[in-house]
Amino acid sequence: MIAVKNTRLQLESLEARDVPAYLGELDPTFGTGGVLKTPSPITTPGFPAAVVDSTGQTIVLSTSAAAVDGSGDIVALGSTAGGTAEPSTLEIPTVSRFTPTGALDTTFGNGGTVQFTIPDGYLSFGNTSLAIDAAGNVVIAGEVRTSELALPNLAILRLTPSGAFDPTFNGGQVEVIDVADTGAYLEAITLDATGRILLAGQSGVWGEFVVRLNPDGEIDTTFGNAGFVTTTDSGPATAIATDPAGNVYVGGPLNGIVSITKLTAKGTPDPTFGTAGVFQDPLPTAYTGPYIAIRGLAITATGNLLAAVGVGISEDVQHLAVLDLNPDGTLDPSFNAGGPLPGTNTIDFGDSYDQLSGMSLTPTGDILLSGFGSIPEIAKLIGTGPGRPVGGGGTGTTGGSGGSTGSQGNGNGGSATPTPVTPQNPFASLGVGVRTAIGDVNGDGTPDTIYVTGPGTPLRVEVISGTDGSTVIVPAFDPFGDNFTGGAWVVAADFNHSGRDQIVIAADVGGGPQIVIWSLLPDGQMQEDASFYGITDPNFRGGTRIAVGDVNDDGTPDLVVAAGTGGGPRVAVFDGTTLLSGNPTKLVNDFYVFQSSSETSLRNGLYVAVGDVNGDGYADLIFGAGIGGGPRVLVLSGKILIQDGAAAALAAPLANFFVGGSDSSRSGVAVAVTTDANDGVADIVAGLPAGTISVPLVGQKGTMVPVYAGSTLTPDTQPTPAMSINPTTDPVLSGVFVE
């Protein structure tokens, strides 16, 4: 990246015009034939950045880097000449924030702009890049030098959404990573799903380097070699990206060809990608040569990797290219299928010299390339498109329990043998609700109880032994590592047939769609096995709800994920055999549970359980409407879903009814399953999380929880509860979750 000195930031809002077209082709409705040469007032040649706001408008800036935050504001980097020694062109970076209308946001920094202070002992802070985390903090990284000719060190800082230096990041100071013995030239920055910071570039000795920092700014020593991954036999790393599972992709030129390496979340080459973790491609013959520059990597909604490449046959004749790689590191032939080299598209801006400066994706998955010839220019290609986001934030409930599962994965509540003693609640003193799951975490043959804090306190997970109900098997730990306070849901199942159940955690109120899986190792240490997005929209902040069960009848529990509060009735089903691979696959495409035009627009989320209701060997999917919806329960056949698809399963539900027989309530309904020892099929337990349940039984008072026998369910009749459970005699309880 090259910083633009003494350049005033300029913005221009462009109309969004999207129509269907072939994957990988230029969008003919954008600009002229898919290419826009920016008109006045952006006429200054330079390094443009193009970003897309939440409404689909393209914002073009003449600056060194830019990004859009969760509120739709545009954050842009620039620099001013300065420093304490000659030459006066040594850089001091500035960052500005603009409202969606293009006006400076005066609530940020000093009138909309923050100018940094160069760290003591250094004369410049340049070559900067930025990223914005889920909380709206702005992370800026660059290079600092002790003199004009000295080798650079890396420098990084974080600003709060108000533009103040973040005191929780290196004490509110610029952090310098001292690599002056070799020098480190920064090329790219990104954040992974957990908020960890990754920097990439080149060093005189290392060649390509990647360094990962924890969200607090400390170097993450669990990555690579004490936080660094370095090579001496490759070119510089000029672009970087991460996927939902935490895998890292770095790309750069190597002897005139494109070279992209995939690293696992631990910083080791992933042998399932390319050749021993590396993809290399010379591009078409006409574009081979030493003039290769990778200026962007991005993960698509389908898990493919896009690479934006500047290519040329001479120093004076260059063009742009985009490569689309499958998850295994092979070119995807469906991308630009009608072109001369499927999997690749080359773009000519029309000038003899076109230089690529960056790539970004639109909210609908299309591809923007920014670059310049005589003036800044933008190209738009048709991408896969993840579909519209399932919703924004929202509020959830506190208190109660739910979202749990048995050790064999038969849904929320599960079919595991009950614990022989009543376990203690390790979080009772916190004054918040907890969620629980039952699973044999330590492999001793007795199911243990997994406790997870609900909303209102920093998230913690603790496991209590099933043998005595008091011994702590797993001390309280933070599964996401960021003290998230919105609570979480938990299930447990043995996905790798190790005899130990893995713990699956999904964020609740205000959280993203990230799923993490942890397991207890024989030495007593906890290990993160996987991290990925359960709903393919990293910007969604309604959390997810989860359940496990053997949906495809292959002997391994599968994971069902439903959108949480603020989301539509959207569901994903992941193959349990792939969950620990770092790149989980889906058994079916995502689908909406409630299909009417009014219901697909709902933003109440879903409750979900999984269990074999009809005894055919396939675990069925049980859904309850989220809070704000009626207490509707819908049961779909797992067998039909797997064999014939979601549309067929929705057309032939196993059950479809309202708890209590009335749809007038707007409490929603939490669901769980339990296996009937008499017939071996799953029964459904229903709890209204936001309102008193009205299922009257003579002589009983309080909040009643009905249980519906799976063997009695039919597609079109209202079932009568086989029994009702009275969990409390409190007549004014505001609701109850079930597990």
task: Specify the closest pair of heavy atoms between Gln280 and Ser259, including all atoms of both residues, with the distance to one decimal.
output: NE2-OG, 3.6 Å
- request: Check whether any side-chain N or O of Asp133 sits under 3.5 Å from a backbone N or O of Gly136 as a donor-acceptor pair, and report yes or no.
  value: yes
- prompt: Hey, does Arg570 have a side-chain heavy atom less than 4.5 Å from the side chain of Thr544?
  reply: no
message: Looking at Asp27 and Lys380, would you say the former's side chain and the latter's main chain have a donor-acceptor pair under 3.5 Å?
response: no
query: Is there a side-chain contact between Leu381 and Asn345 (heavy atoms, below 4.5 Å)?
result: yes
statement: Rounding to 0.5 Å, atoms OG1 (Thr128) and CD1 (Ile156) come to a distance of 12.0 Å
task: Report yes if the side chains of Asp270 and Leu263 come closer than 4.5 Å at any heavy-atom pair, otherwise no.
output: no
task: Measure across Ile642 and Val551 and return the closest heavy-atom pair with its distance rounded to 0.1 Å.
output: CG1-O, 3.7 Å
message: Nearest 0.5 Å, please: how far is CG in Leu186 from OG in Ser129?
response: 6.5 Å
Nearest heavy atoms of Pro244 and Ala193, plus distance in Å: O-CB, 4.0 Å
message: Can you confirm whether Leu369 sits close enough to Val322 that some side-chain heavy atom of one is under 4.5 Å from a side-chain heavy atom of the other?
response: yes
- line: What one should report as the nearest heavy-atom pair of Gly329 and Phe273 is CA-CE1, 3.4 Å
- request: Sequence neighbours left out, what passes side-chain hydrogen bond (donor to acceptor under 3.5 Å, both in side chains) with Thr242? Give chain and number order.
  value: none
field: Between Ser581 and Asn583, a side-chain donor and acceptor under 3.5 Å
entry: no
message: Return the CG to CE distance between Leu368 and Met359, rounded to the nearest 0.5 Å.
response: 10.0 Å
query: Is the closest side-chain heavy-atom distance between Gln202 and Glu208 below 4.5 Å?
result: no
message: Does either side chain, that of Asp243 or that of Tyr249, offer a donor lying less than 3.5 Å from an acceptor on the other one?
response: yes
query: Quick one: salt bridge (Lys or Arg N to Asp or Glu O under 4.0 Å) pairs with a partner in residues 571-586, sequence neighbours left out?
result: Lys586-Asp590
Those residues that, when tested against Thr275, pass side-chain hydrogen bond (donor to acceptor under 3.5 Å, both in side chains) (two or more places apart): none
task: Only counting residues at least two apart or in another chain, list the ones meeting ring-ring contact (aromatic ring centres under 6.0 Å, His included) with Phe532.
output: Phe574
query: Distance-only, no hydrogens or angles: does the Thr300 side chain make a donor-acceptor pair with backbone N or O of Thr302 under 3.5 Å?
result: yes
message: Between Lys266 and Glu528, does the salt bridge (charged side-chain N to carboxylate O under 4.0 Å, His left out) criterion hold? Intermediate values first, please.
response: CA-CA 11 Å; Lys266 300 297 184 183; Glu528 182 179 299; over 6 Å; no
Set of residues satisfying side chain to side chain contact (heavy atoms under 4.5 Å, CB included) with respect to Leu331, sequence neighbours excluded: Phe279, Asp281, Leu323, Leu325, Thr344
- request: Give me the ring orientation class for Phe209 and Phe228: parallel if the planes are under 30° apart, tilted from 30 to 60°, perpendicular past 60°.
  value: tilted
- prompt: Any luck finding a side-chain donor-acceptor pair between Ser370 and Ser357 under 3.5 Å?
  reply: yes
task: Would you sort out whether Val210 and Phe223 count as a side-chain contact (heavy atoms from CB on, under 4.5 Å), showing the intermediate values?
output: CA-CA 10 Å; Val210 180; Phe223 181 77; 4.0 Å; yes
Side-chain touch Asn137/Ile132, heavy atoms, less than 4.5 angstrom: no
query: What distance separates Leu621 CG from Ile640 CD1, expressed to the nearest 0.5 Å?
result: 12.0 Å
- prompt: So, Thr238 side chain and Ile294 main chain: donor-acceptor pair closer than 3.5 Å or not?
  reply: yes
Contacts of type side-chain hydrogen bond (donor to acceptor under 3.5 Å, both in side chains), residue Asp328, not counting sequence neighbours: Thr330
message: Run the side-chain contact (heavy atoms from CB on, under 4.5 Å) test on Leu213 and Arg196 for me, step by step, so that the C-alpha distance in whole Å, both residues' side-chain angles and the decisive distance to 0.1 Å come before the verdict.
response: CA-CA 6 Å; Leu213 290 79; Arg196 293 176 300 200; over 6 Å; no
message: Testing Asp332, Ile299, Asp324 one by one against Leu306 for a side chain to side chain contact (heavy atoms under 4.5 Å, CB included), which residue passes?
response: Asp324
- request: Compare every heavy atom of Thr194 with every heavy atom of Pro215, then report the nearest pair and how far apart it is.
  value: CG-O, 3.7 Å
Non-hydrogen atoms of Pro333 and Pro342 that approach each other most closely: O-CB, 3.5 Å
- prompt: Between Ile378 and Val35, is a side-chain contact (heavy atoms from CB on, under 4.5 Å) present by the stated rule, with each step listed?
  reply: CA-CA 6 Å; Ile378 308 298; Val35 175; over 6 Å; no
query: How about Gln514 and Ser531: does a side-chain donor come under 3.5 Å of a side-chain acceptor?
result: yes
- request: Could you grab the distance from atom CG of Leu641 to atom CG of Leu650, nearest 0.5 Å is fine?
  value: 8.0 Å
- prompt: With a 4.5 Å limit on heavy-atom distance, are the side chains of Val75 and Leu130 in contact?
  reply: yes
field: Side chain to side chain, Arg295 and Val309, heavy atoms closer than 4.5 Å
entry: no
field: Check: Asn552 main-chain N/O paired with Asp558 side-chain donor or acceptor under 3.5 Å
entry: yes
task: Could you walk me through whether Val571 and Val561 pass the side-chain contact (heavy atoms from CB on, under 4.5 Å) test, one step at a time?
output: CA-CA 6 Å; Val571 176; Val561 182; over 6 Å; no
task: Give a yes or no answer on whether the side chain of Asp644 reaches the backbone of Ala648 with a donor-acceptor pair at less than 3.5 Å.
output: no
- prompt: What's the spacing between Ile197 CD1 and Leu199 CG if we round to 0.5 Å?
  reply: 7.0 Å
